[in-house]
Amino acid sequence: WKSGGSVLPSGSIWLERGVPHLGRDASELLPLVPPKKPETPAIENTPDDSNKKAKPKSKLLDFSVFRDPGFIIYTVAASIMVLGLFVPPVFVVSYAKELGNEDTKSALLLSILGFIDIFARPTCGIIAGLQWVRPRCVYLFSFALIFNGTTDLVGSLSTDYTSLVVFCIFFGISYGMVGALQFEVLMAVVGTEKFSSAIGLVLLLEAIAVLVGPPSA
C-alpha cells in the first residue's frame, strides 16, 4: 500500500508547339517553327535555401530540460508518487480476499474504483480549466498528491468490506485528480516548446518506477 510526421509537387514545364502562320495563299505559308528545347533552370542558392539547410534537425529527446530545476523537482516527485500509485489497484482484490470476502465482492472493489475514476478525471479537468483555478493548477496538483497519499495510508487500516468500499471511492477520486492534472502541470513547468521531450522523459522514468513499485510492496 505504498504511495504516475516534403515532397514538393514536381511541375512539368510544357512548351507550346510551333504554329504555322498562314497567309492569304499557299505561297505565303511560313515554315513551321521548330519547338524550343526546354531549358533547365539553373539552381541558385537563395538566402532562403541556405537558411533551410543551416536549420538544425529537431531532436527526438531534448535532454536540456534537465537544466530546469522545476522539471527536476517535478520528475523526482512524479517518480516517487508512481512507486505507490498503482499498488492499491493491483492488490486491493487480493487484500479483500484475505479478509474473508467472496471473489465476486472482492472484484467489485476494482470496478468501484474504476467507475469513480471515470467521473473524477473530467470533473477535475473542468475545475482546473476555470479562469481563477488555472493559474493555481500547481497547488491543485499538490493537493491531489497529498490527498492520494493520505488515502493510501488510511486505506491500509481497513479491516472490513465497508471500509474497503469507502477507500476505493476516495482513492478513485484522488487517482482521477492526479491523472487529470499531472501533464497539465508539466506543461506549465517546461512550456510548450519542450513539452514533447519532457513528457517522454517523465513517462520513461515513471515506467521504471511502476516496474519497481508493486513488486516491492
Side-chain angles (χ1 to χ4, degrees), residues 1-5 56-92 110 113-114 116-158 166-217:
W1 298 90
K2 299 176 182 179
S3 312
K57 295 182 180 180
S58 58
K59 298 179 181 179
L60 182 61
L61 289 176
D62 187 3
F63 291 95
S64 64
V65 292
F66 284 106
R67 300 175 185 173
D68 187 351
F71 175 75
I72 296 177
I73 295 173
Y74 177 90
T75 304
V76 172
S79 299
I80 296 174
M81 171 196 70
V82 173
L83 280 173
L85 185 63
F86 297 100
V87 171
V90 171
F91 293 108
V92 65
L110 197 59
L113 192 156
I116 299 298
D117 180 40
I118 290 174
F119 293 96
R121 287 177 183 257
T123 302
C124 186
I126 293 173
I127 295 175
L130 296 177
Q131 185 177 2
W132 61 276
V133 178
R134 191 172 184 83
R136 303 170 179 84
C137 190
V138 176
Y139 299 103
L140 184 59
F141 181 61
S142 301
F143 169 76
L145 292 178
I146 296 173
F147 183 27
N148 184 265
T150 304
T151 303
D152 286 341
L153 292 175
V154 176
S156 62
L157 303 177
S158 301
V166 175
F167 162 73
C168 288
I169 292 174
F170 283 97
F171 182 83
I173 296 173
S174 62
Y175 187 81
M177 292 177 65
V178 172
L181 294 172
Q182 60 175 336
F183 300 127
E184 179 75 17
V185 174
L186 178 60
M187 181 177 290
V189 171
V190 301
T192 57
E193 294 182 359
K194 296 183 178 181
F195 178 72
S196 59
S197 296
I199 190 173
L201 293 171
V202 169
L203 289 177
L204 176 62
L205 296 175
E206 286 186 353
I208 296 174
V210 169
L211 292 175
V212 174
S216 60

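If you read the sequence from its start, that first residue is 1, and numbering goes on from there.
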Ala120 and Gly172 have their tightest heavy-atom pair at CB-O, 3.8 Å
Got a second to check how far Phe143's CZ is from Asn148's CG, nearest 0.5 Å?
-> 11.0 Å
What one should report as the nearest heavy-atom pair of Leu113 and Pro89 is CD1-CG, 4.5 Å
Could you give all pairs that pass the salt bridge (Lys or Arg N to Asp or Glu O under 4.0 Å) test and reach residues 65-88, with sequence neighbours left out?
-> none
Roughly how far, to the nearest 0.5 Å, is the CZ atom of Phe71 from the CG atom of Leu201?
-> 5.0 Å
Applying side chain to side chain contact (heavy atoms under 4.5 Å, CB included) to Ala188 and not counting sequence neighbours gives none
Return yes if some donor-acceptor pair links the side-chain N/O of Ser158 with the main-chain N/O of Gly155 below 3.5 Å, else return no.
-> yes
For Ala144 and Leu181, which heavy atoms make the closest approach, and how far apart are they?
-> CB-CD1, 4.5 Å
Shortest non-hydrogen contact between Val133 and Ala128, atoms and distance | CG1-CA, 3.9 Å
Are side-chain heavy atoms of Leu140 and Met177 found at a separation under 4.5 Å?
-> yes
Sequence neighbours left out, what pairs pass side chain to side chain donor-acceptor pair (under 3.5 Å) with at least one residue falling in residues 76-91?
-> none
Starting from the C-alpha separation in whole Å, work towards a yes-or-no answer on side chain to side chain contact (heavy atoms under 4.5 Å, CB included) for Phe183 and Leu203.
-> CA-CA 10 Å; Phe183 300 127; Leu203 289 177; 3.7 Å; yes
The ring-ring contact (aromatic ring centres under 6.0 Å, His included) partners of Phe170 (sequence neighbours excluded) come to none
Going by the side chain to side chain donor-acceptor pair (under 3.5 Å) test, which pairs reach into residues 119-145, not counting sequence neighbours?
-> Asp117-Arg121, Arg134-Glu184
When rounded to the nearest 0.5 angstrom, what distance separates OG1 in Thr151 from CD1 in Ile146?
-> 11.5 Å
Which donor-acceptor pairs under 3.5 Å do the side chains of residues 81-88 make with protein atoms, sequence neighbours left out?
none

Could you give me the CA-CA distance, side-chain angles and deciding distance for Ile116 and Cys168, then say whether side chain to side chain contact (heavy atoms under 4.5 Å, CB included) is met?
-> CA-CA 8 Å; Ile116 299 298; Cys168 288; over 6 Å; no
Return the set of residues passing side chain to side chain contact (heavy atoms under 4.5 Å, CB included) with Tyr74 (not counting sequence neighbours), or none when no residue passes.
-> Ala78, Phe141, Gln182, Val185, Leu186, Val202
Please name all residues satisfying side chain to side chain contact (heavy atoms under 4.5 Å, CB included) with Phe119, sequence neighbours left out, ordered by chain then number.
-> Phe115
Is the shortest heavy-atom distance from the side chain of Asp152 to the side chain of Phe171 under 4.5 Å?
-> yes
Across all chains, not counting sequence neighbours, the side chain to side chain contact (heavy atoms under 4.5 Å, CB included) partners of Val76 are Ile72, Ile80
